[in-house]
Asks: 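Structure below; questions to follow.
The chain is numbered in sequence order, starting from 1.
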Amino acid sequence: MMGSALAFPARENGNTVRLVGSPLDGEIIDACRATGRHPKFAKHFPQGIPPFPAGVEYYKIDELDKALEGVDLVIGGVSSFGVDWFCDEVLPRIPRSVPVLSVTKGLWDTPEGKLLTYPELWKSRLAAKGIVRDICAIGGPCTSYELVAHDQTEVAFCGGDLPTLRRIRAMMATPYYHISLSTDVTGIESAVALKNGYALGIALTVGLNQKERGLDSELHFNSQAAVFGQAAKEMARLLELQGAGTLDNLCVGVGDLYVTVYGGRTRQVGILLGRGLTIDQAKAELAGVTLESLVVAERVGRAVKARIATGELDAADFPLLLHTDKLLAGNGEAALPWDSFTFEAVAETAPAAPVAAPAAPAAAAPTREHPLVLAHRGGLDDYDDNALGGFADALARGIVGAETDVRLSKDGELVIMHDDTVDRTTNGTGRVDEKTLAELTALRLRRSGENVPTFRQFCELYKGRADVDVEIEMKEHGDEMTPERLDRYVTLLHDQAIECGLVEGTYAFTSFSIPTLKRFHELFPDARLGLICGDRFCEDDIAQATALGCVRIAPDWRRTGPMIVAKAHAAGLSVNLWCSDSTEIYEIVKDWGADVSTSNIPRFIAEYARSSQGI
């Protein structure tokens, strides 16, 4: 229904709107075609608001390809029970150039206790099929009937690309539908999904009061407010666990919690449980009503219990969640553990006399006021991947930061190459590890015609420069190599960097591969290492990096936030948020405290940083 309700702001902005039903919606589409409106929107709305926007086109699922012709945006609205179907049957058929905006709220738990948002889940599953796609989503307090009635509504659109979000906002914003934007997909989507179990917990108080005072008794607000406060506290802790504990994220989630508490199916279940019914009895009472919120609440409970079992979380921090989880499992009484919600706090006061504060850790804050720009593979705007000319040009323009990739040839020598084959970037074909160094360096890069460079040639560019900051990404993964070949790889990297004087500046040997970093640290404990994070950046990554002896951590900026960056600094790590491929992104990573940021357009970003910020 929420997907259908969005037809109002979309159509009122002059867009052509096509409503496509799922395999279960055949009768609904027939009714829409017959009446010109969605059958569930039968209420009388304020004067001037039609039962459904005129001009909406209706399609059944077997007409999906026709409905997709020429579209600029796809809005997906399936229940949690349709997540797999949407991923398998719909997303692969949507053109890659068309953004997808999901209204489905939920989380998926893993055996290790991690919580994945649906956009993250879909993205990883599509990637396994060779489909690369970012998925945007809507979060925030918004009921379908009130949106249709044009009640003032505040939501957040989230996705990995800010310009795309701005285009979508332009299609959807109205004088009553107000849209904030966030690149923190995990934060927004986690916040709005976490509310499910907590809304049920708050509704318990209504049922408990009805059980004690009668079904017609007045609503009591003290008890609801008390549980609401505890819910907000626990939600904040869970967002911290997700690496997304910002005030904006929490407010979006708490707003959605408020809406859910005062209406909807989750409230009904909570009231019935509060009256003394078991979960099975409550489900029977609501037969025919979709209760997807319970599925999400159970997943969150399962994930938290898994992390408690490993000692990562303390059960005392989640009394409300664990209480509702027991009720959903059919165990325990509805009566709430009130005393577990109380706390004792001692306010921090200034000392009576000046006391010298202990020195702060050197890396507890960003090492630079503005992130240093690293030329990613030399910069892909004007040069080939990893062309020496690209690095030399960047250096000549005062861009003293660089990032490159190193692989091992068939005969055990170091070559600069990103991919595991030479097909994309050179005039040759075949795997890097099946060619000798001589064969590789004889190949020419596609645009410039330069020869494929060696690692030693790269190091020579930066020899003796104390002002440089260079990241050397180790593309060879230790779990895919023989121990002897891995040892040769890291030893050559270490020794050639020293021989060429690269270590006189700031440098780091970086990798996604834990085995590679681990072996490097074992052989050369004083070497500067960095962990690259492709998934959601969290405290586990910080712990892993420090255990490996890393001095730097490099998460994808789209999967992080300012609070987790601050925690990385507090752990003594410098932070590279990649990739700053627009001035908007550069401003974001600067505000979040990045020390450095790689960029595919380093010349443009570096000039912007100099001219607009005086560096």
Asks: What are the two closest non-hydrogen atoms of Cys533 and Phe512, and how far apart are they?
Replies: C-CE2, 4.0 Å
Asks: Do the side chain of Asp423 and the main chain of Gly430 share a donor and acceptor less than 3.5 angstrom apart?
Replies: yes
Asks: Kindly indicate whether the side chain of Val422, heavy atoms from C-beta on, has any atom under 4.5 Å from the side chain of Val432.
Replies: yes
Asks: Lys66 and Glu69: salt bridge (charged side-chain N to carboxylate O under 4.0 Å, His left out), yes or no, with the steps?
Replies: CA-CA 5 Å; Lys66 182 179 179 182; Glu69 292 178 1; over 6 Å; no
Asks: Which heavy atom in Cys87 sits nearest to a heavy atom in Pro92, and how many Å separate them?
Replies: O-CD, 3.0 Å
Asks: For the side chain of Asn600 and the backbone of Leu380, is there at least one donor-acceptor N/O pair under 3.5 Å apart?
Replies: no
Asks: Examine the side chains of Asp595 and His569 and answer whether a donor and an acceptor come within less than 3.5 Å of each other.
Replies: yes
Asks: Kindly indicate, with the supporting measurements, whether the criterion side-chain contact (heavy atoms from CB on, under 4.5 Å) is fulfilled by Val415 and Thr454.
Replies: CA-CA 4 Å; Val415 64; Thr454 66; 5.6 Å; no
Asks: Using the salt bridge (charged side-chain N to carboxylate O under 4.0 Å, His left out) rule, take Arg397 and Glu607 through it: C-alpha gap first, then chi angles, then the decisive distance, then the call.
Replies: CA-CA 9 Å; Arg397 294 170 184 260; Glu607 180 58 32; over 6 Å; no
Asks: Test your reading of the model: is there a side-chain donor-acceptor pair from Arg299 to the backbone of Leu107, 3.5 Å cut-off?
Replies: yes
Asks: Give a yes or no on whether the backbone of Val132 and the side-chain of Arg96 come within a donor-acceptor separation of less than 3.5 Å.
Replies: yes
Asks: Salt-bridge test for Asp72 and Arg167: reply yes if a basic N is under 4.0 Å from a carboxylate O, no otherwise.
Replies: no
Asks: Check the pair Arg169, Arg166 against side-chain contact (heavy atoms from CB on, under 4.5 Å), reporting the backbone distance first and the verdict last.
Replies: CA-CA 5 Å; Arg169 178 170 61 183; Arg166 287 172 176 159; 4.1 Å; yes
Asks: What is the distance from atom CG of Leu165 to atom SG of Cys136, rounded to the nearest 0.5 Å?
Replies: 5.0 Å
Asks: Does Asp385 come within less than 4.0 Å of Arg447, counting only side-chain N to carboxylate O?
Replies: no
Asks: Of Arg485, Arg488, Lys435, which meets salt bridge (Lys or Arg N to Asp or Glu O under 4.0 Å) against Glu413?
Replies: Arg488
Asks: Flag the pair Lys410 and Glu439 as a salt bridge only when some basic side-chain nitrogen lies within less than 4.0 angstrom of an acidic carboxylate oxygen.
Replies: no
Asks: Can you name the nearest heavy-atom pair linking Thr186 to Ser190, along with the distance?
Replies: O-OG, 2.6 Å
Asks: Classify the side-chain pair Glu403/Thr598 by whether it contains a donor and acceptor separated by less than 3.5 Å.
Replies: no
Asks: Can the ring centroids of Phe524 and Phe520 be said to lie less than 6.0 angstrom from one another?
Replies: yes
Asks: Do the non-hydrogen side-chain atoms of Asp469 and Arg552 ever get within less than 4.5 Å of each other?
Replies: yes
Asks: Measuring from atom CZ of Arg558 to atom SG of Cys579, what distance do you get when rounded to the nearest 0.5 angstrom?
Replies: 8.5 Å
Asks: Rounded to the nearest 0.5 Å, what separates atom CG in Leu64 from atom CD in Glu89?
Replies: 10.0 Å
Asks: Over 60° means perpendicular and under 30° means parallel, so classify the ring planes of Trp592 and Trp557, tilted if in between.
Replies: tilted
Asks: Do Lys567 and Glu240 sit within salt-bridge range, that is, some charged N less than 4.0 Å from a carboxylate O?
Replies: yes
Asks: With a 4.5 Å limit on heavy-atom distance, are the side chains of Val406 and Met474 in contact?
Replies: no
Asks: Aromatic rings Phe455 and Phe458: how do their planes relate, parallel, tilted or perpendicular, breaks at 30° and 60°?
Replies: parallel
Asks: How many angstroms lie between CG in Leu443 and OG1 in Thr425, if you round to the nearest 0.5 Å?
Replies: 8.5 Å
Asks: Taking C-beta and beyond as the side chain, do Thr516 and Glu476 meet within less than 4.5 Å on heavy atoms?
Replies: no
Asks: With distance as the sole criterion, is a donor-acceptor pair present between the side chains of Thr441 and Asn451 under 3.5 Å?
Replies: no
Asks: Any luck finding a side-chain donor-acceptor pair between Ser409 and Asp411 under 3.5 Å?
Replies: yes
Asks: Please indicate whether Asp540 has more than 12 foreign heavy atoms, meaning atoms of other residues, nucleotides or ligands, lying under 6.0 Å from its CG.
Replies: yes
Asks: Does any N or O in the side chain of Tyr462 come within less than 3.5 Å of the main-chain N or O of Val400, such that one atom is a donor and the other an acceptor?
Replies: no
Asks: Counting heavy atoms not belonging to Lys129, are there more than 12 under 6.0 Å from its NZ?
Replies: yes
Asks: Which atoms form the tightest heavy-atom contact between Ala244 and Asn249, and what is the distance?
Replies: O-ND2, 2.9 Å
Asks: Which atom names give the shortest non-hydrogen contact between Phe537 and Ala568, and what distance separates them?
Replies: CZ-CB, 4.1 Å
Asks: Just so I know, are the side chains of Leu194 and Gln242 near enough to count as touching, which here means a heavy-atom distance under 4.5 Å?
Replies: no
Asks: Can you confirm whether Leu445 sits close enough to Tyr383 that some side-chain heavy atom of one is under 4.5 Å from a side-chain heavy atom of the other?
Replies: no
Asks: Report the C-alpha distance between Met481 and Tyr489 in whole Å, list the side-chain angles of each, state the deciding distance to 0.1 Å, and finish with yes or no for side-chain contact (heavy atoms from CB on, under 4.5 Å).
Replies: CA-CA 10 Å; Met481 308 173 74; Tyr489 178 57; 4.2 Å; yes
Asks: Looking at every non-hydrogen atom in both residues, tell me the closest pair between Asp487 and Thr491 and how far apart they are.
Replies: O-OG1, 2.6 Å
Asks: Determine whether Lys114 and Glu120 satisfy the following criterion, salt bridge (charged side-chain N to carboxylate O under 4.0 Å, His left out), listing intermediate values before the conclusion.
Replies: CA-CA 12 Å; Lys114 291 186 179 294; Glu120 289 174 311; over 6 Å; no
Asks: Evaluate the criterion salt bridge (charged side-chain N to carboxylate O under 4.0 Å, His left out) for residue pair Asp420 and Arg407; output intermediate values, then yes/no.
Replies: CA-CA 8 Å; Asp420 57 2; Arg407 290 187 177 274; 5.4 Å; no
Asks: What's the spacing between Arg133 CZ and Ser97 OG if we round to 0.5 Å?
Replies: 8.0 Å
Asks: Determine whether a donor-acceptor pair (N or O, by modelled atom type, separation under 3.5 Å) exists between the side chain of Arg536 and the backbone of Gly243.
Replies: yes
Asks: Flag the pair Arg446 and Asp384 as a salt bridge only when some basic side-chain nitrogen lies within less than 4.0 angstrom of an acidic carboxylate oxygen.
Replies: no
Asks: For the pair Val565 and Leu577, evaluate side-chain contact (heavy atoms from CB on, under 4.5 Å) and give the outcome as yes or no after the intermediate values.
Replies: CA-CA 9 Å; Val565 169; Leu577 297 182; 4.3 Å; yes
Asks: State, yes or no, whether a side-chain contact exists between Ile588 and Leu162 at a heavy-atom distance under 4.5 Å.
Replies: yes
Asks: Hey, does Val575 have a side-chain heavy atom less than 4.5 Å from the side chain of Pro555?
Replies: yes
Asks: Closer than 3.5 angstrom, by distance alone: can the side chain of Glu450 be matched with the main-chain N or O of Leu388 as a donor-acceptor pair?
Replies: yes
Asks: Working to the nearest 0.5 angstrom, can you tell me the gap between Ile498 CD1 and Leu493 CG?
Replies: 11.0 Å
